[in-house]
Structure formats: structure tokens, C-alpha cells
Amino acid sequence: MTIILDYSLFFEICDILGTLAFAISGLRLAAAKDFDWFGAYVVGLTTAIGGGTLRDVLLHATPFWMTNPLYLICSAFALIWVIAFKKRLVNQEHTWFLFDAIGLGLFTVTGIERTLSMDFPYWVAIMMGTMTGAAGGVLRDVLINETPLIFRKDIYATACICGGILFMLCDMAGLPREITGVLAGIAVIGIRILAVRYHVMLPVLHIDHQEEESNNK
């Protein structure tokens with residue numbers, strides 16, 4: 001039996017799965033910091049909706065979670081899930097990393113799709129997809145008093161950009177949007193995982209203060 005997945009339904013499913021994945025990653029870090037349940041929920045919710053909210057504000061659209069309470073409910077479900085498995089999640093670094101990578105890939109795709117649906121060009125869509133994927137993590141790290149991940153050497157936002165470029169190329173080649181979205185999402189997740197696995201990092205912008213002082217003498 002062949003199942004045809006509706007175009008809009010496909011991206012809505014990606015959005016919900018991304019919300020769960022990012023909420024769990026934020027809640028896991030909040031649990032490691034011994035936040036109370038409400039504080040942990042705020043961190044998880046911010047991680048899940050922060051990037052998409054910034055995207056919608058820049059696109060002059062009503063933030064997506066204000067028209068559909070399902071995102072708040074998904075974050076609450078994620079809180080219950082983390083409470084039930086707190087000890088396992090806090091002690092398993094790779095579990096947080098996996099959820100974060102999945103959320104990054106899914107949100108990049110949904111961010112690009114939402115931007116294109118509003119008739120913006122590809123380059124804007126790639127920027128908005130990157131923001132949707134990465135900005136929630138920035139807000140999460142600020143709330144838990146950590147240096148945001150995208151400001152470190154890790155391949156994070158760069159993975160979103162690469163996935164966005166792949167989305168653009170596949171879309172321009174005429175591939176169905178569902179296939180394009182899957183390929184782009186897998187690319188983001190794969191790049192993120194491989195970069196961490198093989199310690200691939202961006203060059204650090206470093207100033208040698210001793211050398212600078214000697215030159216100023």
C-alpha cells in the first residue's frame with residue numbers, strides 16, 4: 001500500500017519532532033544544573049521555540065507557537081519524559097548531543113520552508129533556516145550561563161548553512177520538497193555528528209597579546 005504524505009503535513013511533523021528534540025536537549029542541560037521543574041521547562045521551551053520566534057519576528061509573521069498550543073504541550077511532554085529518565089539523560093552526554101543534532105536538522109528544514117512559503121529568496125531562507133536551527137541553542141546557553149555553542153569552535157551553525165545550500169540546490173533541480181527536506185535535514189545532522197566524531201572545528205580567531213604588546217613598544 002502506498003502512503004502519500006501531504007506536503008504541509010510533512011513539514012508540520014518535522015516541526016513537532018524538532019520541538020521535542022530541542023526541548024529535551026534544553027531540559028537535559030537544565031537538569032544537569034539542578035533547575036526546578038518550572039525553570040527547566042522555561043529552558044526547554046526557549047530552546048524549542050526561540051529560533052522560530054526570532055525568525056517569524058524578522059519575517060513580520062505571527063510567531064508560530066501563538067497560533068498553535070501544540071508546541072507548548074510538546075515541551076511539557078518533554079519535561080515529563082526528562083523527569084522520568086533524568087538520571088540516565090544527565091549521565092549520558094551522547095544522548096543530549098543526539099537530540100540536539102536532530103533538532104538542529106529538523107528546524108533548519110522547517111525554517112527554510114516557512115521562509116520560502118512567504119516568497120523570500122533562497123539566501124534569506126538559508127539565513128532564516130540557520131537562525132531557526134541555531135538561535136534556540138544560543139538562548140538556551142545564555143539561560144544556563146554557558147558560552148553559546150555557535151561561538152565556539154564547533155561546527156554548528158555552519159552545518160545549518162551547508163544543509164540550506166543543499167536544500168536550495170535540490171529545490172532548483174526540481175526535486176519534490178519532501179525529498180529535498182529529508183536530504184537537507186540528514187545533511188545537517190550528518191555534518192554535525194561527523195564533525196564532532198572526527199574533531200573537525202573552525203579556525204579560532206586568536207590574537208597573541210604578547211606579540212601585540214611587543215609590536216606596540
Between M66 and P63, is any pair of side-chain heavy atoms under 4.5 Å apart?
yes

Check L143 against F35 and note the closest heavy-atom contact, atom names and distance.
O-CZ, 4.1 Å

Is there a path from L166 to I161 through hydrophobic residues (I, L, V, M, F, W, Y) whose side chains come within less than 4.5 Å of each other?
no

Kindly work out whether a path of hydrophobic side-chain contacts (I/L/V/M/F/W/Y, heavy atoms less than 4.5 Å apart) joins I73 to L20.
no

Are any of the side-chain heavy atoms of W37 and V82 separated by less than 4.5 Å?
no

Could you check whether any side-chain heavy atom of T47 comes within less than 4.5 Å of a side-chain heavy atom of L139, counting everything from C-beta outward?
no

Roughly how far, to the nearest 0.5 Å, is CG of L70 from OG1 of T19?
8.0 Å

Is there a side-chain contact between L27 and V43 in this structure, where contact means two heavy atoms from C-beta onward sitting under 4.5 Å apart?
no

Going through the checks in order, is the side-chain contact (heavy atoms from CB on, under 4.5 Å) test met by C162 and V188?
CA-CA 7 Å; C162 292; V188 174; over 6 Å; no

Would you say the ring centroid of Y71 lies under 6.0 angstrom from that of F64?
yes

Using side-chain heavy atoms (C-beta onward) and a distance below 4.5 Å, is P148 in contact with R140?
no

Interatomic distance, L79 atom CG to L45 atom CG [nearest 0.5 angstrom]:
10.5 Å

Provide the closest heavy-atom pair for A23 versus A78 in the form atom of the first, atom of the second, distance.
CB-CB, 3.8 Å

What are the two closest non-hydrogen atoms of I189 and A101, and how far apart are they?
CG1-O, 3.3 Å

Is there a path from Y122 to M131 through hydrophobic residues (I, L, V, M, F, W, Y) whose side chains come within less than 4.5 Å of each other?
no

Do L116 and L183 belong to the same hydrophobic cluster, where Ile, Leu, Val, Met, Phe, Trp and Tyr are linked whenever their side-chain heavy atoms lie under 4.5 Å apart, directly or via other members?
no

Which atom names give the shortest non-hydrogen contact between I191 and A159, and what distance separates them?
CG2-CB, 3.8 Å

Backbone N or O of I155 within a donor-acceptor pair of the R192 side chain at under 3.5 Å?
yes

I'd like to know whether CE of M127 has more than 12 heavy-atom contacts from other residues, nucleotides or ligands below 6.0 angstrom.
no

Apply side-chain contact (heavy atoms from CB on, under 4.5 Å) to D15 and F107, showing your working.
CA-CA 6 Å; D15 217 18; F107 270 9; 3.6 Å; yes

Residues C170, R177; criterion side-chain contact (heavy atoms from CB on, under 4.5 Å); working and verdict:
CA-CA 8 Å; C170 291; R177 279 282 174 87; over 6 Å; no

Atom CZ in R55, atom CD1 in I112: separation rounded to 0.5 Å?
11.0 Å

Drop me the distance from E178's CD to E113's CD, to the nearest 0.5 angstrom.
9.0 Å

Looking only at heavy atoms, what is the nearest atom pair of Y41 and L72, with distance?
OH-O, 3.0 Å

Heavy-atom nearest pair, A157 first then A134, reads CB-CB, 4.3 Å

Salt bridge check, R114 against D56: does any charged N sit closer than 4.0 Å to a carboxylate O?
yes

To the closest 0.5 Å, what do you measure between CD1 (I24) and CD1 (I102)?
9.0 Å

In Å and rounded to the nearest 0.5 Å, what is the CD1 to OG distance from I80 to S75?
11.5 Å

Hydrophobic cluster membership, with links at side-chain heavy-atom distances under 4.5 Å among I/L/V/M/F/W/Y: are L58 and I49 in one?
no

Go through the steps to decide whether F167 and T108 satisfy the test side-chain contact (heavy atoms from CB on, under 4.5 Å), and finish with yes or no.
CA-CA 10 Å; F167 190 108; T108 299; over 6 Å; no

Flag if over 12 foreign heavy atoms under 6.0 Å of CG, D36
yes

